[in-house]
There are 2 protein chains.
Amino acid sequence: MEFENLAGKLKALSEPTRLKIIGLLKVRDCCVCELVPVFGISQPAISKHMFRLKSAGLVKEERRGKWVFYSLNKEAFKELGFDLSVLPDLTNELKAIEDQGSSVQCNILEQA
Amino acid sequence: MEFENLAGKLKALSEPTRLKIIGLLKVRDCCVCELVPVFGISQPAISKHMFRLKSAGLVKEERRGKWVFYSLNKEAFKELGFDLSVLPDLTNELKAIEDQGSSVQCNILEQA
DNA sequence: TTATAATATAATCATATGGTTATTTGTTTT
DNA sequence: AAAACAAATAACCATATGATTATATTATAA
């Protein structure tokens, strides 16, 4: 891959919030409303981060009813030469959010 | 590694000039005055890029007489989970610079 | 069909970034 | 010691970035 293209993908990765979003998506697909309470920034801010990740081809999006779910594009990470296993496992952090339903602003969890 | 730290290193990598500098250092150690003619930007601009790469721990520096040579910190790339082999090989590009000595602003090549 | 929920977009703002030119610092050469 | 070379630092500027609030858009629920 050419340097410009590679650098573009790396730039999308190289922001702490977005990198942690990638870590969360490594655990499971997530929708925007689940990510908002994790980071304590506004919903539009998360949406813009997802747009950046999607534009770089690092994540895929899929609408499921009211929600838009984002998932990792693992193929893109291979091409990028980035090993996802270096990211800390966030399973527990995601579980914590699921448990304290009070702080979760969306109703996605009630669907299950 | 934590997300902040990882993101910081990725940010240092995620700029086209710096990423290409890494590609050149993969071929061999280089000094600033060799890099200047490759990119067509000013010497201070290259120096600042080297500072960013060094601060992120991605490169090491070593003074040799008048020159300061930079080399890859390969260990850092492992920790970062980034596979250097995805970068295009720039051996020829470096050779081209060596050959057309006219455009090279420093005398490093005359040393050999 | 009206209200509500989830997401995206627009407008705005402060800070970070990557470049420039001018100058300083360190090293070698004459 | 003076001149020249290599690199770093300082001051500055235009653009990119990451956040905000306000407003649209899209889909479900009442």
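First the proteins, then the strands, lettered A, B, ... as listed; each starts at 1.
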### Message
Please report the distance, rounded to the nearest Å, between CD in A:E15 and C1' in C:dA16.
### Response
12 Å
### Task
Mark yes or no for whether A:S14, through its side chain, and A:K11, through its backbone, hold a donor-acceptor pair below 3.5 Å.
yes
### Query
When you measure from the side chain of A:K9 to the backbone N and O of A:L58, does any donor-acceptor pair fall under 3.5 Å?
no
### Summary
Output for pair (B:I22 CD1, B:T17 OG1), nearest 0.5 Å, gives 12.0 Å
### Query
Can you find a side chain N or O atom of A:R18 that sits less than 4.0 Å from OP1 or OP2 on D:dG18?
yes
### Task
Treat each ILVMFWY residue as a node, draw an edge where side-chain heavy atoms are under 4.5 Å apart, and state whether A:V86 and A:L90 are in one component.
yes
#### Entry: Pairing of B:E93 and B:K20 as salt bridge, 4.0 angstrom limit
yes
### Query
Do B:V59 and B:N73 pass the side-chain contact (heavy atoms from CB on, under 4.5 Å) test, and can you show the C-alpha distance, the side-chain angles, and the key distance before you say yes or no?
CA-CA 5 Å; B:V59 306; B:N73 181 358; 5.8 Å; no
#### Entry: Atom pair distance, as rounded to whole Å: CG in B:D29 and C1' in D:dA7
17 Å
### Message
Using the side-chain contact (heavy atoms from CB on, under 4.5 Å) definition, which of the options A:E62, A:M50, A:E34 pairs with A:Y70?
### Response
A:M50
### Summary
Here the distance between atom P of C:dT17 and atom CG of A:L10, to the nearest Å, is 16 Å
### Task
Report the residue (A:R63 or A:K11) whose heavy-atom-nearest nucleotide on DNA chain C is the more 5′ of the two.
A:R63
### Spacing of A:F69 atom CZ relative to D:dA27 atom P, expressed in whole Å
15 Å
### Query
Rounded to whole angstroms, how far apart are CZ on A:F51 and P on C:dA6?
23 Å
### Message
Angle between the two end axes of the helix from C:dT1-D:dA30 to C:dT30-D:dA1, five base pairs per end, rounded to 10 degrees?
### Response
20°
## Note on the structure
A:E34 CD to C:dA6 C1', in whole Å, measures 12 Å
### Task
Output yes when A:K78 and A:E75 qualify as a salt bridge under the 4.0 Å nitrogen-oxygen rule, no when they do not.
yes
### Task
Taking only the side-chain nitrogens and oxygens of A:R52, find out if one of them lies under 4.0 Å from OP1 or OP2 of D:dT17.
yes
### Task
Measure from CG on A:L13 to C1' on D:dT17 and round the result to the nearest Å.
16 Å
### Message
With a 4.0 Å cut-off on N to O distance, would you call B:E61 and B:R63 a salt bridge?
### Response
no
### Summary
Heavy-atom nearest nucleotide on DNA chain D taken for A:S14 and for B:C31; more 5' hit belongs to B:C31
### Query
Roughly how many Å is it from NZ in A:K66 to C1' in D:dA27, rounded to a whole number?
8 Å
### Query
Using a heavy-atom distance cut-off of less than 4.0 Å, which residues of residues 41-49 of chain B contact DNA chain C?
B:I41, B:S42, B:P44, B:A45, B:K48, B:H49
### Task
Considering just the side-chain nitrogens and oxygens of B:Y70, establish if one lies under 4.0 Å of OP1 or OP2 belonging to D:dA6.
no
